There are 2 protein chains.
Amino acid sequence: MENTVENVRSQMRKGLLEYCILSILDKREAYASSLIEELKTAGMIVVEGTLYPLLIRQKNQGLLSYRWEESTQGPPRKYYVLTDKGREQLAQMDGAWQELVEGIQSLKRV
Amino acid sequence: MENTVENVRSQMRKGLLEYCILSILDKREAYASSLIEELKTAGMIVVEGTLYPLLIRQKNQGLLSYRWEESTQGPPRKYYVLTDKGREQLAQMDGAWQELVEGIQSLKRV
DNA sequence: TTCAATACCTTGTATCACAAAGTACCAAAA
DNA sequence: TTTTGGTACTTTGTGATACAAGGTATTGAA
């Protein structure tokens with residue numbers, strides 16, 4: 001029941017991960033480990049056990065597709081790509097995110 | 001398994017409710033129904049079954065205290081107030097929120 | 001006394017992030 | 001050839017929490 005800074009950040013991130021994944025894949029295709037890297041540089045620490053099921057969920061929803069690609073450094077990688085449906089969803093989420101930011105700003109005003 | 005706009009918004013809000021409650025109570029004390037009203041005007045629809053347990057959790061963490069006040073319009077109301085610890089937590093959350101917004105902006109940049 | 005409005009609370013369910021452990025592939029060292 | 005280390009994908013169990021739905025209690029007006 002601690003309230004570390006990490007806990008606070010982790011808590012605030014809930015539900016936003018999905019948005020972040022789509023945003024990254026909108027720029028370029030990526031596989032799980034590279035997504036984790038990019039999320040980390042943006043200050044969002046995510047672990048495998050969180051990311052893999054999330055990617056599978058998004059794929060099952062038709063937001064993503066993937067293709068296998070050989071790697072010179074180990075086993076093959078699953079590269080994920082945004083589908084048309086994923087792009088639509090991302091557009092909706094961009095709007096929702098904007099409204100969320102504005103909503104919180106409005107709460108902050110007296 | 002639908003992806004309505006409402007679902008998208010609801011999903012993005014997860015974990016941010018706690019932050020919103022503290023932010024509102026930092027401006028003025030409030031009771032549950034008035035919090036729901038203010039959250040609604042900020043575009044965050046919350047139901048009683050969500051809010052009451054959340055307030056109890058925050059109170060048990062020492063972030064909030066409350067006092068009863070008679071109402072002319074029905075049963076007495078539980079007015080919640082930020083404690084010193086709650087203000088500290090809010091300051092931390094302000095920082096975390098700022099970093100979250102910047103983190104997402106950075107993801108959006110190519 | 002009955003009803004409607006207001007306010008607080010609880011229970012059951014689904015979802016989701018995480019920790020931890022497991023499976024599989026590959027290349028280089030022993 | 002076998003072992004080891006690194007990389008990558010997956011699954012299981014747990015805890016937290018948002019929500020739907022239903023319950024309790026107070027007040028004032030019909």
Side-chain angles (χ1 to χ4, degrees), chain A residues 1-4 6-21 29-40 43-61 63-64 66-80 96 100, chain B residues 1-4 6-21 29-40 43-61 63-64 66-80 96 100:
Chain A
M1 267 305 189
E2 267 202 280
N3 274 318
T4 65
E6 263 321 304
N7 280 356
V8 169
R9 281 188 200 160
S10 161
Q11 210 176 24
M12 291 205 143
R13 253 178 5 230
K14 276 188 185 167
L16 289 168
L17 264 185
E18 194 174 334
Y19 178 47
C20 292
I21 302 305
E29 60 185 15
Y31 64 103
S33 303
S34 63
L35 284 170
I36 290 179
E37 275 314 301
E38 175 144 8
L39 288 169
K40 196 184 293 175
M44 327 258 286
I45 294 160
V46 187
V47 296
E48 291 183 323
T50 300
L51 187 58
Y52 281 102
L54 194 161
L55 289 171
I56 291 168
R57 287 198 300 274
Q58 291 188 318
K59 194 219 69 181
N60 289 341
Q61 287 173 24
L63 307 177
L64 309 179
Y66 65 83
R67 61 181 174 75
W68 288 100
E69 185 165 314
E70 297 297 321
S71 165
T72 60
Q73 302 268 350
R77 297 166 174 172
K78 228 175 179 176
Y79 276 85
Y80 284 93
L100 179 62
Chain B
M1 269 297 189
E2 268 203 281
N3 272 319
T4 65
E6 261 321 304
N7 281 356
V8 170
R9 281 188 200 159
S10 161
Q11 210 175 22
M12 292 207 144
R13 252 177 7 229
K14 275 187 186 171
L16 290 167
L17 264 185
E18 195 174 332
Y19 178 47
C20 292
I21 301 305
E29 60 185 15
Y31 64 103
S33 303
S34 63
L35 285 170
I36 290 178
E37 276 312 302
E38 177 143 9
L39 288 169
K40 195 183 294 173
M44 327 258 287
I45 293 161
V46 187
V47 295
E48 290 184 325
T50 300
L51 187 56
Y52 281 104
L54 194 160
L55 289 171
I56 290 168
R57 287 198 300 272
Q58 291 188 318
K59 194 218 70 180
N60 288 341
Q61 288 173 24
L63 307 177
L64 308 181
Y66 65 83
R67 61 179 174 75
W68 288 100
E69 186 165 312
E70 297 295 323
S71 166
T72 58
Q73 301 270 349
R77 298 164 173 173
K78 228 176 179 176
Y79 275 86
Y80 283 93
L100 180 62

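By convention in this document, chain letters (A, B, ...) are assigned in the order of the sequence lines, proteins followed by strands, and residues within each chain are numbered from 1. A quick note: this is a predicted structure, and the numbers were derived from the prediction, not measured.
A:I56 CD1 to A:K78 NZ: the interatomic distance, rounded to the nearest 0.5 Å, is 5.5 Å. The distance from the OH atom of B:Y66 to the OH atom of B:Y79 is 15.5 Å, given to the nearest 0.5 Å.
A:Y79 has its OH atom 12 Å from the C1' atom of D:dT7, to the nearest Å. With rounding to whole Å, A:L54 atom CG is found 15 Å from D:dT11 atom P. Rounded to a whole Å, the CD atom of B:E69 is 11 Å from the P atom of C:dC8. Rounded to an integer number of Å, the gap from B:I36 CD1 to C:dT6 P is 13 Å. Here the P atom of nucleotide D:dT10 and the CG atom of A:L51 are 11 Å apart, to the nearest Å. When rounded to the nearest whole Å, the span between CD of B:Q73 and C1' of D:dA25 equals 17 Å. Computed from coordinates, the B:Y66 OH to C:dA7 C1' distance equals 14 Å when rounded to whole Å. Rounded to whole angstrom, the span from the NZ atom of A:K78 across to the P atom of C:dA24 amounts to 15 Å.
Nearest-nucleotide mapping onto DNA chain D: of B:G74 and A:W68, the residue sitting toward the 5' end is A:W68. Each of B:I56 and B:Y31 lies near DNA chain C, and the nucleotide nearest B:Y31 is the one positioned closer to the 5' end. A residue-by-residue look at A:S71 and A:G49 shows that A:S71 has its nearest nucleotide of DNA chain D further toward the 5' end.
With hydrogens and angles left out, the side chain of B:E48 and the base of C:dC8 share a donor-acceptor pair within 3.5 Å.
The side chain of B:Y52 contributes an N or O atom lying less than 4.0 Å from OP1 or OP2 of C:dC8. OP1 or OP2 of D:dA18 lies within a sub-4.0 Å distance of a side-chain N or O belonging to B:R57. Remark: A:R77 is not in phosphate contact with D:dT7, judged by side-chain N or O atoms under 4.0 Å from OP1 or OP2.
Counting heavy atoms from C-beta outward, A:V46 and A:L35 have side chains that stay 4.5 Å or more apart. Counting heavy atoms from C-beta outward, A:L55 and A:K59 have side chains that stay 4.5 Å or more apart. Residues A:Y80 and A:E29 fail the side-chain proximity criterion, which asks for heavy atoms closer than 4.5 Å.
Within the 4.0 angstrom heavy-atom criterion, only backbone atoms of the sugar-phosphate kind lie near A:S33; the bases stay farther away.
Closest to the side chain of B:P76, from the set D:dT26, C:dA19, C:dA17, is D:dT26.
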